[in-house]
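Source: prediction; values computed, not measured. The sequence lines fix the lettering, A, B, ..., with proteins before strands; numbering per chain opens at 1.
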Amino acid sequence: MNHSTNTQQSFTVTTPLYYVNDIPHIGHAYTTMAADTIARWHRLKQHNVLLITGTDEHGQKIERTAVAAGVAPQVHCDRIVERFDALWSKLDIQYDRFSRTTAPNHQLIVNEFFRRVWDRGDIYKGTQQGWYCVSCEEFKEERDLLADKHCPLHPSKQVEWRDESNYFFRLSKYQQPLEALYAEHPNFILPTSRRNEVLKFVAQGLQDFSISRVNVNWGIPLPTDPQQTIYVWFDALLGYMTALLDPDVEPTLDNALQRWPINLHLIGKDILRFHAVYWPAMLMSAGLPLPERVFAHGYFTKDGKKISKSEGNAIDPIALVDRYGAEPLRYYFLKEIEFGQDGDFNESRFVEIVNADLANSLGNLINRTLNMSKKYCQGRVPNCNAEDISPDNPLKILGQKLGAEVDTAYNKLAFRDVCEAILTLVRSSNKYIDDLAPWTLFKQEKHSELAQVLYAVLESARLSAYLLSPIVPKISTDIYHQLGFDLDFDIVTGNHISTNLNKSELPVDGASAVENWEHHLEWGVLTANHLLGEPRPIFTKLEIASITN
RNA sequence: GGCUCAAUAGCUCAGUCGGUAGAGUAGGGGACUCAUAAGCCCUUGGUCGUCAGUUCAAGUCUGACUUGAGCCA
């Protein structure tokens, strides 16, 4: 069903499995857009890619939310999952696996994994008493509580006294191995500021943590003690592993591990500790290889202000996409917000940036060049090839090194650098046109020079569209069509493995369309006299609508 | 209270090994005409958060402080 070969490089990336307590917000969309983009980049390079997203559905908070809504927990989860999937579809996110922690397969994986850790002697029964916040699903220190026993993170909720006999994971045992891991793999946690936080946290000393709950029915029963259920985080992290199961294989840990380990966990900074400390320790205990990298991105402010429910300034991703479309949003969030740092969403700035880059710089470049090709060269690539362009040509010089530069940037998840590098070629192309004035060359009947100028620009525009396709696949596809290629980046860089959640199957010839486009990474792909498409604006300027406030 | 990171043009950010600050965007002006009034050229705009210190020389190194974001299970 997939076309992986032994020699093919594989790349597995995850978003968090989002907690279904609430409908998707802009933060979920952001992580997932980034994950989709990096997945598309690897697919463009013909890697065997698996983009995993999904939902974390257990825990007391979900149980209570469902009860409050008057539905069974599973019904509640199903409803929220639909909302997530609808958003991913709107944002043109093509995941390969949607992992739900309530999936039957998942329980089998959790049981097996639990057994491994149990057999290692890393789970023991102990008692835990203290103030418990259901919203956090965590015990709190009394000194951290607000007045009247309210949780500092959930000021409207009172904590509850618990005196439980729970099962604990021996995290303390893994302090040294974890420190060794961080030292040997300095890029395991990125960005560096987040890594520092984890280092400090671990250096303080690690305490065992409880991995089971009593009185929580909505969860996976402990294999060794069905009176208790498995703590949501222990359960949720393993969802990454369940996701690796091909739909048609027996759900065993060994089968899931065929594709282990994960290359990249993309997360929000709020869940760093679970991914950078607990998770590797759990895997060490189970004797499994560790993920290559955990990357924690930042949060948003809205017009410089913190987003909060009480402020009522939440950004609804659905409303945004409906108003502006997916591509401008993908572009803005990835280009304008430094990945890894906090950023701001400001609607007028969003419109400004997207219009300046996509309509004015890139869109107009394509449009003016195609129009000139139409007028001066009968709507074809001029009668010359890349070899005919002088090595001194400024666009050729930039174009020849751009692929490698952009590759480096994508691999660092430096989406901003990706866009800036491409924009440098785009801007240079616009300048080059003005400097060489093809309309004058035409009047002077300098056909050879004219051909070289138009070739250099067309080719630069093509390369720009290609390299930008993981971020704006539809715009890139449109540009490619206008350049006379029958290529759909949603097929080339989209997922070609059917997902396990009612996704309509891609056309059968979709996979065969995945021929080798990899050489398009080079400058000089267009061939002489190649027939171009009809020029029409690839991006219509946005107008501000102020829908978010 | 302890710790981490950040602070540079109206806005978003670069700035390497210390050598008197750059880009994009926004604002102002100009020449051009292939083009989505787009693009191109010129230009306004900064005592680089504050105060000290080291140095011939500090955006850059050191210390303190201010503000913001975050971590301390």
Side-chain angles (χ1 to χ4, degrees), chain A residues 128 130 133 136-141 143-144 152-153 168-169 171-172 189 191-210 231 233 268-274 276-278 296 298-301 303-306 332 335-338 340-346 348-377 414 416-417 419-421 423-424 426-443 450 453-454 457 461 535-542:
Chain A
Q128 181 161 31
C133 172
C136 298
E137 306 269 8
E138 268 178 7
F139 282 90
K140 296 284 162 185
E141 295 293 332
R143 60 181 152 85
D144 291 335
L153 299 181
F168 285 77
F169 173 70
L171 184 65
S172 54
I189 304 164
T192 313
S193 55
R194 298 293 155 206
R195 178 171 184 268
N196 291 345
E197 277 180 17
V198 172
L199 255 42
K200 287 284 174 190
F201 171 76
V202 173
Q204 283 173 21
L206 294 174
Q207 292 172 23
D208 299 343
F209 72 100
S210 146
Y231 173 50
W233 266 108
K269 60 188 184 180
D270 51 326
I271 53 176
L272 179 61
R273 211 176 64 222
F274 297 101
V277 182
Y278 293 13
Y299 277 178
F300 296 107
T301 51
D303 304 324
K305 284 187 209 152
K306 199 167 177 170
Y332 177 82
K335 189 252 177 178
E336 203 51 23
I337 299 192
E338 192 73 23
Q341 291 179 26
D342 288 349
D344 186 55
F345 182 79
N346 173 281
S348 50
R349 178 165 175 77
F350 158 68
V351 168
E352 210 171 87
I353 291 289
V354 158
N355 285 345
D357 291 357
L358 297 180
N360 298 349
S361 295
L362 178 64
N364 186 50
L365 173 69
I366 309 286
N367 195 239
R368 67 195 300 210
T369 310
L370 282 169
N371 272 298
M372 284 189 279
S373 304
K374 189 178 177 184
K375 284 183 185 166
Y376 307 150
C377 302
R416 177 191 207 97
D417 294 354
C419 295
E420 283 298 343
L423 280 171
T424 299
V426 168
R427 291 185 189 116
S428 303
S429 300
N430 274 320
K431 178 174 169 49
Y432 179 74
I433 293 176
D434 282 67
D435 288 349
L436 277 290
W439 48 92
T440 305
L441 295 175
F442 181 70
K443 284 174 195 157
L450 174 63
V453 170
L454 288 185
V457 178
R536 66 196 138 74
I538 56 149
F539 185 85
T540 309
K541 283 194 202 181
L542 300 182

For [X], report the nucleic acid contact type (base, sugar-phosphate, nothing); a contact means any heavy atom under 4.0 Å.
| X | value |
| --- | --- |
| A:F442 | nothing |
| A:R273 | sugar-phosphate |
| A:E336 | sugar-phosphate |
| A:R536 | nothing |

Which of these nucleotides, [options], is closest to any side-chain atom of [X]?
| X | options | result |
| --- | --- | --- |
| A:R368 | B:rC34, B:rA26, B:rU36 | B:rC34 |
| A:K541 | B:rA38, B:rU4, B:rC34 | B:rA38 |
| A:N364 | B:rG39, B:rC40, B:rA73 | B:rG39 |
| A:E197 | B:rU36, B:rA73, B:rG70 | B:rG70 |
| A:R416 | B:rU12, B:rA35, B:rU36 | B:rU12 |
| A:N367 | B:rU36, B:rC34, B:rU12 | B:rU36 |
| A:K375 | B:rC5, B:rA35, B:rA69 | B:rA35 |
| A:L171 | B:rC34, B:rU25, B:rA73 | B:rA73 |
| A:I538 | B:rU33, B:rA69, B:rU36 | B:rU36 |
| A:F539 | B:rC34, B:rA38, B:rU36 | B:rU36 |

Tell me which nucleotide, if any, is Watson-Crick or G-U wobble paired with [N] when both distances must be under 3.5 Å.
| N | value |
| --- | --- |
| B:rA23 | B:rU12 |
| B:rU54 | none |
| B:rA7 | B:rU66 |
| B:rC40 | B:rG30 |

| Carboxylate-amine/guanidinium contact A:K200 A:E197, below 4.0 Å |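 No, no charged N to carboxylate O under 4.0 Å.
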| field | Salt bridge present between A:E420 and A:R427 (N-O < 4.0 angstrom) | value | yes
| Closer than 4.0 Å, any side-chain N/O of A:K200 to the OP1 or OP2 of B:rG2? | no
| task | Tell me whether the OP1 or OP2 atom of B:rG39 has a side-chain N or O from A:N360 closer than 4.0 Å. | result |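 Answer is yes, contact under 4.0 Å.
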Separation of the [atom1] atoms in [N] and [M], to the nearest angstrom:
| N | M | atom1 | answer |
| --- | --- | --- | --- |
| B:rU47 | B:rG59 | C1' | 12 Å |
| B:rG24 | B:rU33 | P | 25 Å |
| B:rG63 | B:rG46 | P | 31 Å |
| B:rA21 | B:rU36 | P | 42 Å |
| B:rG22 | B:rU60 | C1' | 15 Å |
| B:rU12 | B:rU20 | P | 27 Å |
| B:rU25 | B:rU66 | P | 39 Å |
| B:rC61 | B:rA6 | P | 10 Å |

Rounded to the Å, how far apart are [X] [atom1] and [N] [atom2]?
| X | N | atom1 | atom2 | result |
| --- | --- | --- | --- | --- |
| A:I366 | B:rC34 | CD1 | P | 19 Å |
| A:F168 | B:rA73 | CZ | P | 15 Å |
| A:N430 | B:rG24 | CG | P | 13 Å |
| A:R194 | B:rC3 | CZ | C1' | 13 Å |
| A:N196 | B:rG2 | CG | C1' | 15 Å |
| A:L272 | B:rC5 | CG | P | 15 Å |
| A:L454 | B:rG39 | CG | P | 19 Å |
| A:F274 | B:rA73 | CZ | P | 12 Å |

| said: Need to verify one output field. Residue with the more 5' nearest nucleotide on RNA chain B, A:I337 or A:F209? | reply: A:I337
| request: With RNA chain B as reference, determine whether A:L206 or A:I433 sits nearer its 5' end, using the nearest nucleotide of each. | output: A:I433
| field | A:L454/A:C377 under side-chain contact (heavy atoms from CB on, under 4.5 Å): CA gap, chis, key distance, verdict | value | CA-CA 9 Å; A:L454 288 185; A:C377 302; 3.9 Å; yes
| Whether A:N367 side chain and A:G363 backbone form a donor-acceptor pair below 3.5 Å | no
| Are any side-chain N or O atoms of A:D208 and backbone N or O atoms of A:L171, one a donor and one an acceptor, separated by less than 3.5 Å? | yes
| query | Hey, are A:N371 and A:S373 close enough side-chain-wise for a donor-acceptor pair under 3.5 Å? | reply |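 A:S373 vs A:N371: no donor-acceptor pair found between side chains.
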| ring pair (Phe, Tyr, Trp, His ring centres under 6.0 Å) between A:F169 and A:Y231: does it pass, once the steps are laid out? | CA-CA 11 Å; A:F169 173 70; A:Y231 173 50; over 10 Å; no
| Mind checking whether A:F209 and A:F168 have ring centres under 6.0 Å apart? | no
